[in-house]
Amino acid sequence: QVVRVDDSPAQDGFGILRETWRQRAEPARDNMDRSIQRGVAWVGYGFVIIPVLFLAAVLVMWLVHKLLREIAVSDREGRRARINEAKFRNLIEGSLQGVMILENDRIVFANDALARMFGYDSAAEVLTADFYADFVPEGDIDKTKAVRDNLVSGRRQSDDYRAIRKRKDGTHIWVDVTVHGVDWEGEPAYQVLYIDISDQVRFEQELVAEKERVEAHAAAMAELNENLHYARMEAEEKQRELHALSITDPLTGAFNRRHFLDCGAIEIRRRRRFG
């Protein structure tokens, strides 16, 4: 269309040229068509895959964020738990009260104050002891088990009582016992607090004995006073009888000369007094 050639050989040459170009261009065009079709297909897939990938990425990011937040919360809770545990141990270890935790009648915790109270070398040695065999006298086992059952079952939250407990050397001490139901590593248990009141009980027993002695002495004094009262009354009665015998005649009952002289002496003193 650009070059106007009239001779037919030139036209034939252009025809051959066009045919050659077409033959060479058709494979490239076919490849291009296939590439375009594949590209269109991939674009179509992309419209489906990209939202899915985007949602998956959002979901992954949300899960990662939640996981990181849970890890942070867990770290904070772990630090708080460690701090609380340290406070608990400092409080318990520094307490003057003996503290023991029992799980299934097995001693799982004891502080140094309890070890000293019961004559053990350390709290670790207490953990190797048998609670009922080494601490509770035989006559108090049933009561102790009843308290345990009430706490573990939840019928009671706590209990307070006074009891006798055994020391390592076999001697006995009086203790005030306070028991609370607790959770120990996810299992029901109960915590026992002991206060040694042996000196107090001994003093109370001495006071009771002294009171009984005083009451017995007071009763004896009252009886003696009553006997003295009766004796005094009898003496006065005897004195009156002797006086009557001294101023009367036993046979006639008439006043005698002695009585007459006594009365005369009284009258003389009266005259002297009043003139």
Side-chain angles (χ1 to χ4, degrees), residues 80-219:
R80 186 179 297 110
R82 288 191 293 271
I83 292 172
N84 290 336
E85 181 179 359
K87 290 180 179 179
F88 167 77
R89 291 192 176 274
N90 291 334
L91 179 63
I92 295 301
E93 294 298 339
S95 174
L96 297 178
Q97 294 180 327
V99 181
M100 174 189 295
I101 295 179
L102 294 161
E103 180 187 5
N104 296 326
D105 296 334
R106 182 173 58 89
I107 303 173
V108 295
F109 177 83
N111 66 347
D112 292 334
L114 184 133
R116 291 191 299 269
M117 185 183 301
F118 287 92
Y120 288 87
D121 295 332
S122 65
E125 186 183 5
V126 176
L127 301 183
T128 64
D130 184 281
F131 176 66
Y132 287 104
D134 299 327
F135 285 89
V136 183
E138 185 176 354
D140 203 28
I141 291 179
D142 292 339
K143 178 182 178 181
T144 305
K145 288 185 176 181
V147 172
R148 173 207 62 188
D149 294 340
N150 288 334
L151 292 172
V152 174
S153 64
R155 290 191 293 269
R156 292 180 65 96
Q157 297 298 319
S158 63
D159 204 346
D160 301 283
Y161 58 95
R162 178 174 293 186
I164 297 176
R165 289 293 181 263
K166 294 190 296 185
R167 302 181 81 247
K168 181 182 177 181
D169 58 6
T171 59
H172 291 79
I173 59 174
W174 280 94
V175 290
D176 271 342
V177 186
T178 302
V179 191
H180 299 279
V182 295
D183 181 85
W184 182 262
E185 297 181 352
E187 296 295 332
Y190 60 102
Q191 174 182 281
V192 187
L193 305 179
Y194 290 115
I195 300 177
D196 188 353
I197 57 169
S198 299
D199 293 338
Q200 176 184 342
V201 171
R202 189 178 305 111
F203 181 68
E204 291 175 354
Q205 291 174 346
E206 291 176 356
L207 285 179
V208 170
E210 183 64 24
K211 179 182 178 182
E212 291 176 351
R213 286 195 296 269
V214 170
E215 290 177 348
H217 182 68

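Positions are given from 1, in the same order as the sequence printed here. None of the values given here were measured: they were computed from a predicted structure.
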- Can you tell if the side chain of Gln191 reaches within under 4.5 Å of the side chain of Val99, non-hydrogen atoms only? yes
- Message: So Lys145 and Val136, do their side chains get closer than 4.5 Å, heavy atoms only?
- Response: no
- Begin with the C-alpha distance, continue with both residues' side-chain angles, and end with the deciding distance and a verdict on side-chain contact (heavy atoms from CB on, under 4.5 Å) for Met100 and Ile107. CA-CA 7 Å; Met100 174 189 295; Ile107 303 173; 4.0 Å; yes
- Does the side chain of Leu114 reach to within under 4.5 Å of the side chain of Tyr120, using non-hydrogen atoms? no
- Stepwise, does the side-chain contact (heavy atoms from CB on, under 4.5 Å) test hold for Tyr194 with Arg165? CA-CA 10 Å; Tyr194 290 115; Arg165 289 293 181 263; 3.6 Å; yes
- Query: With Tyr190, which of Asp105, Asn150, Asp159 fulfils side-chain contact (heavy atoms from CB on, under 4.5 Å)?
  - Reply: Asp105
- Please answer whether the main-chain N or O of Ser198 pairs with a side-chain N or O of Asp196 as donor and acceptor at a distance below 3.5 Å. yes
- Query: Could Lys166 and Asp134 be called an ion pair, given the rule that one side-chain N must be under 4.0 Å from one carboxylate O?
  - Reply: no
- Message: Could you go through Gln205 and Trp174, starting from their C-alpha distance and side-chain angles, then the distance that decides it, and tell me whether this counts as side-chain contact (heavy atoms from CB on, under 4.5 Å)?
- Response: CA-CA 12 Å; Gln205 291 174 346; Trp174 280 94; 4.2 Å; yes
- Message: Which label fits Phe135 and Phe118: parallel for a plane angle under 30°, tilted from 30 to 60°, or perpendicular past 60°?
- Response: perpendicular
- Task: Please confirm whether the backbone N or O of Met117 pairs with a side-chain atom of Arg167, one donor and one acceptor, at under 3.5 Å?
- Result: yes
- Start with the C-alpha distance between Arg202 and Asp199, add both sets of side-chain angles, then the distance that settles salt bridge (Lys or Arg N to Asp or Glu O under 4.0 Å), and finish with yes or no. CA-CA 5 Å; Arg202 189 178 305 111; Asp199 293 338; 2.7 Å; yes
- Query: Distance from His217 atom NE2 to Glu210 atom CD, nearest 0.5 Å?
  - Reply: 10.5 Å
- Query: Is there a side-chain contact between Thr178 and Val192, using heavy atoms and a 4.5 Å cut-off?
  - Reply: no
- Query: Got a sec: does the CZ of Phe203 have more than 12 other heavy atoms crowding it under 6.0 Å?
  - Reply: no
- Tell me, with the steps shown, if Asn111 and Gln97 meet side-chain contact (heavy atoms from CB on, under 4.5 Å). CA-CA 9 Å; Asn111 66 347; Gln97 294 180 327; 5.9 Å; no
- Query: Distance from Arg213 atom CZ to Glu206 atom CD, nearest 0.5 Å?
  - Reply: 8.5 Å
- Message: Could you tell me if the side chain of Ile197 sits less than 4.5 Å from the side chain of Asp176, heavy atoms only?
- Response: yes
- Let me see the working for Asp130 and Arg106 under salt bridge (Lys or Arg N to Asp or Glu O under 4.0 Å), right down to the final yes or no. CA-CA 7 Å; Asp130 184 281; Arg106 182 173 58 89; over 6 Å; no
- Query: If you count the non-hydrogen atoms of other residues, nucleotides and ligands that lie under 6.0 Å from CD in Glu138, is the total more than 12?
  - Reply: no
- Query: Can you tell me how far CD of Glu103 sits from CZ of Phe109, rounded to the nearest 0.5 angstrom?
  - Reply: 14.0 Å
- Salt bridge flag under 4.0 Å for residues Arg116 and Glu125: no
- Message: Looking at every non-hydrogen atom in both residues, tell me the closest pair between Ala123 and Asp112 and how far apart they are.
- Response: CB-OD1, 3.6 Å
